[in-house]
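All figures in this text were calculated on a predicted structure; none of them were measured in a lab. Atoms within a ligand are numbered from 1 in the order they appear, just like the ligands themselves.
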Amino acid sequence: MQSPYDWCLVDFEKNEQKSEAFLKINPNGRIPALIDRQAGVTVAESGAILEYLCEVLKSPLLPPKDTNLQRHLQCKQWLYWQVSGQGPMLGQSMYFNRIAATKGQRDDFAIARFGNEAQRCLKMLDEQLLQTGGPFILGQEISVVDVACFPYAASAYWACVDISEMPHLKEGTGVHTYRPSFKCGLQIPFARPAFFGPPWATEEQIISELGANAAQFSIPKS
Ligand SMILES: N[C@@H](CCC(=O)N[C@@H](CS)C(=O)NCC(=O)O)C(=O)O
């Protein structure tokens, strides 16, 4: 099912995510956020956005409780795991490897801690895909969980997590990369192939992304 939408770039180079206007939508000063003009509401936090969209669009990606309670709960369980585990662990691994270290602030303790946790999270997905038989996280049908988990799983390279020994995850993310809707999502607001590493990105693209990405974040005051 397709629903019309438009998108707006929140420019990190201008720190727009911390602007007064954006903080009114998300006091946490982070993307993503959604404005539903028709309903006159806003919502931030990727998990809350996905739940809202599934509900208003009546999407089978997240069946309601009274249609299929077990699948509904499975979706919620993995969705909450994504926002509290996979996202933050890979995000912090990216931060310490790709931003802090690039800025000359290498912290081996933090790199090991978040790298190990990120690896453990991706290994959980690999194991889950083995258990369910895939090709999706909950089995044969795609769900909201795949939508939530795919971007970070596909960006394992940028989080410096080696998934060469996670065959199910590797295959799953490889296949999803070609799904038209996922492929389209990866171009918005612009393509960042460096996150996926070789062969998706050239050496030059990776070096250029390293500099540009790190430059967007200032070193926090202690
Ligand atoms: N829990 C949030 C995490 C959002 C998040 O970490 N967003 C990052 C980009 S992926 C961000 O906006 N960073 C900007 C900043 O930290 O200033 C969610 O799932 O939506």
Side-chain angles (χ1 to χ4, degrees), residues 5 7-36 41-56 61-62 75-103 105 107 110 113-115 117-118 121-122 124-125 137 143-161 173 182 185-197 201 209-222:
Y5 68 93
W7 55 265
C8 171
L9 172 71
V10 178
D11 195 344
F12 285 8
E13 275 176 28
K14 299 184 186 146
N15 215 24
E16 283 178 350
Q17 74 278 22
K18 309 286 189 248
S19 67
E20 206 182 314
F22 190 79
L23 289 174
K24 280 192 186 133
I25 300 172
N26 185 7
N28 197 26
R30 294 187 165 194
I31 60 163
L34 177 84
I35 302 173
D36 180 343
V41 295
T42 65
V43 58
E45 286 294 330
S46 58
I49 293 171
L50 287 173
E51 273 193 54
Y52 176 69
L53 288 176
C54 287
E55 277 166 28
V56 292
L61 292 177
L62 173 58
C75 284
K76 289 278 183 74
Q77 176 182 324
W78 282 97
L79 192 55
Y80 284 39
W81 170 83
Q82 196 287 323
V83 296
S84 64
Q86 188 211 21
M89 293 309 126
L90 271 93
Q92 293 298 332
S93 189
M94 288 173 184
Y95 182 85
F96 283 103
N97 278 290
R98 304 301 194 182
I99 298 170
T102 303
K103 284 174 166 292
Q105 302 282 321
D107 180 337
R113 162 72 183 166
F114 292 114
E117 276 298 294
C121 287
L122 293 188
M124 270 179 77
L125 283 180
I137 296 170
S143 75
V144 69
V145 180
D146 299 287
V147 181
C149 293
F150 168 75
Y152 274 112
S155 312
Y157 169 81
W158 199 249
C160 296
V161 179
T173 50
F182 282 33
L186 292 177
Q187 315 295 316
I188 296 172
F190 44 82
R192 305 188 86 166
F195 288 0
F196 311 114
E209 180 73 64
L210 265 175
N213 188 43
Q216 291 177 335
F217 295 89
S218 52
I219 297 168
K221 295 176 188 75
S222 50

Could you tell me which atoms of ligand 1, counted from 1 in the order shown, lie closer than 4.0 angstrom to a heavy atom of [X]?
X	value
Pro32	20 (O)
Phe12	11 (C), 12 (O), 13 (N), 14 (C)
Gln17	14 (C), 15 (C), 17 (O)
Glu45	1 (N), 2 (C), 18 (C), 19 (O), 20 (O)

Quiz item: Is it the case that Arg113 places NZ or CZ above or below the six-membered ring of Tyr95, under 6.0 angstrom from the centre and within 45 degrees of the axis?
Solution: no
Quiz item: Could you state the interatomic distance from NZ (Lys103) to CZ (Phe217), rounded to the nearest 0.5 Å?
Solution: 9.5 Å
Quiz item: ligand 1 and Ile31, any nitrogen or oxygen pair closer than 3.5 angstrom?
Solution: yes
Quiz item: Backbone or side chain, does any N or O of Arg30 fall under 3.5 Å from an N or O of ligand 1?
Solution: yes
Quiz item: Is any heavy atom of the protein nearer than 4.0 Å to atom 3 (C) of ligand 1?
Solution: no
Quiz item: Identify the closest protein heavy atom to atom 10 (S) of ligand 1: which residue and atom is it, and at what distance?
Solution: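 Its nearest protein heavy-atom neighbour is Tyr152 OH, 4.0 Å.
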Atom pairs and distances, side-chain donor-acceptor, residues 44-56, under 3.5 Å, sequence neighbours left out:
{"residue": "Glu51", "atom": "OE2", "partner": "Tyr80", "partner atom": "OH", "Å": "3.3"}
{"residue": "Tyr52", "atom": "OH", "partner": "Asp36", "partner atom": "OD2", "Å": "2.6"}

Quiz item: Under 6.0 Å from the CG atom of Leu23, do we count more than 12 heavy atoms belonging to anything else shown?
Solution: yes
Exercise. Identify, with sequence neighbours excluded, every residue that meets salt bridge (Lys or Arg N to Asp or Glu O under 4.0 Å) alongside Lys14.
Key: Asp11
Quiz prompt | contact_flag Lys18 ligand 1 heavy-atom lt 4.0 Å | solution =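 Within the 4.0 Å threshold, so yes.
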Exercise. Evaluate the ring planes of Phe150 and Phe182, with Trp represented by its six-membered ring, and classify them as parallel (under 30°), tilted (30 to 60°) or perpendicular (over 60°).
Key: tilted
Quiz item: Out of Ala33, Ser155, Ser46, who gets a non-hydrogen atom closest to atom 19 (O) of ligand 1?
Solution: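 Result: the heavy atom closest to atom 19 (O) of ligand 1 is in Ser46.
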Practice problem: State, to 0.1 Å, how close Gln86 and Leu125 come at their nearest heavy-atom pair, and which atoms those are. | Solution: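 Looking at all heavy atoms of both residues, the shortest contact is NE2-CD1, 3.7 Å.
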